[in-house]
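Single-structure report; data block below.
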Amino acid sequence: MSSSEKLQATLNALNTQRAKIIGEGWFLQHCWLVQVKPGGTAHTDSKYWQVRSRQPLFNGKTLKHLRAEEVEDYKAAIARGRQITQVDRQIKKLQQQLSQQASTADVSGDVSILSRSTPQETSLPVPMLVGSSQRSPKESVEQPLVKFADLAEQECLVKEVLASSQALRASLRQSVALCKQLGARNTDLRKGHPRA
């Protein structure tokens, strides 16, 4: 069994575990129980229970006063919510690992295909580089094939393509950062607070 198959089996088991927890009953996530003393001019020292949340869940409020018979139900619901949160985190990690393995398998598969090819003559499509003139999609599909005399030329072209794709990614990251800055500046100008 390969590692990706093991990850997929673990992911399936986690999904069934999540479905089982949901089947046990209702749940609350990001909530907790507290016991509170009455404040103000109250004439008692007996504490009462509240369920609190980070988000307004209880009719637009972040807390709800509980009767004594409701406390156990809410404890169980909060415990189920915590279990679901943990399972969701594990599922997310496994999905990321699977996608990383799939992307590395694609890259390593492409490289292994190149390295297994015959050293006499192989052909690869010419990559469309960033600085080249714009072509229509039809023209980019009908690119001429390049013939290589040896494996060293192939490896050199692959390294060139990888370097240009990394440069393109860096350029995209810079343009996204610049776009965010310009958007923030535009928002400030609309509000009447120009940035220095």
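The basis for the numbers below is simple: all heavy atoms, side chains too, and nothing from hydrogens, waters or symmetry mates. Treat the numbers as computed from the prediction; the structure is a model and nothing was measured.
- How far CD of Gln83 is from CD1 of Ile21: 4.5 Å, rounded to the nearest 0.5 Å.
- Proximity of Thr44 to Pro38: side-chain heavy atoms (C-beta onward) are separated by under 4.5 Å at one or more points.
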Note to self: I'd like to know whether Leu63 forms a side chain to side chain contact (heavy atoms under 4.5 Å, CB included) with Val34, so could you lay out the CA-CA distance, the side-chain angles of the two residues, the decisive distance to 0.1 Å, and finally the verdict.
What the structure shows: CA-CA 10 Å; Leu63 68 92; Val34 292; over 6 Å; no
Notebook entry, point to check: Stepwise, does the side chain to side chain contact (heavy atoms under 4.5 Å, CB included) test hold for Asp88 with Gln29?
Noted result: CA-CA 12 Å; Asp88 286 345; Gln29 291 181 304; 4.1 Å; yes
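- Rounding to the nearest 0.5 Å gives a distance of 10.5 Å between CZ of Arg67 and CG of Asp73.
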Item checked: From CA spacing to verdict: side chain to side chain contact (heavy atoms under 4.5 Å, CB included), Leu57, Val51 -> CA-CA 10 Å; Leu57 296 178; Val51 60; over 6 Å; no
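- Under a 3.5 Å cut-off, the side chain of Ser171 and the backbone N or O of Ala167 do not form any donor-acceptor pair.
- Note that the CD1 atom of Ile91 and the CG atom of Leu98 stand 11.5 Å from one another [nearest 0.5 Å].
- Side chains of Gln96 and Lys92 form a contact here, defined as non-hydrogen atoms less than 4.5 Å apart.
- Residues Gln17 and Leu14 meet the side-chain proximity criterion, which asks for heavy atoms closer than 4.5 Å.
- In this structure, Ser175 OG and Leu168 CG are separated by 9.0 Å, a value rounded to the nearest 0.5 Å.
- For the atom pair CD of Gln8 and CD of Gln95, the computed distance is 9.0 Å after rounding to the nearest 0.5 Å.
- Hydrophobic clustering (side-chain heavy atoms under 4.5 Å, transitive across Ile, Leu, Val, Met, Phe, Trp, Tyr) groups Leu28 together with Leu66.
- The distance from atom CD1 of Ile84 to atom CD of Gln86, rounded to the nearest 0.5 Å, is 11.0 Å.
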Check: Under the side chain to side chain contact (heavy atoms under 4.5 Å, CB included) criterion, do Gln50 and Tyr74 qualify, and how do the steps go?
Finding: CA-CA 10 Å; Gln50 288 181 342; Tyr74 275 86; over 6 Å; no
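- Using a 4.5 Å heavy-atom threshold, the side chains of Thr62 and Arg52 count as separate.
- Cluster annotation: Ile78 and Tyr48 are assigned to distinct hydrophobic clusters (Ile/Leu/Val/Met/Phe/Trp/Tyr, side-chain heavy-atom contacts under 4.5 Å, transitive).
- Closest of all the heavy-atom pairs between Leu33 and Val71 is CD1-O, 4.1 Å.
- At a threshold of 4.5 Å between non-hydrogen side-chain atoms, the residues Thr16 and Asn12 do not count as touching.
- Cys31 and Phe58 make their closest contact through SG-CZ, 4.4 Å (heavy atoms, listed as atom of the first residue, atom of the second, distance).
- In this structure, the side chain of Arg80 engages the main chain of Trp26 through a donor-acceptor pair within 3.5 Å.
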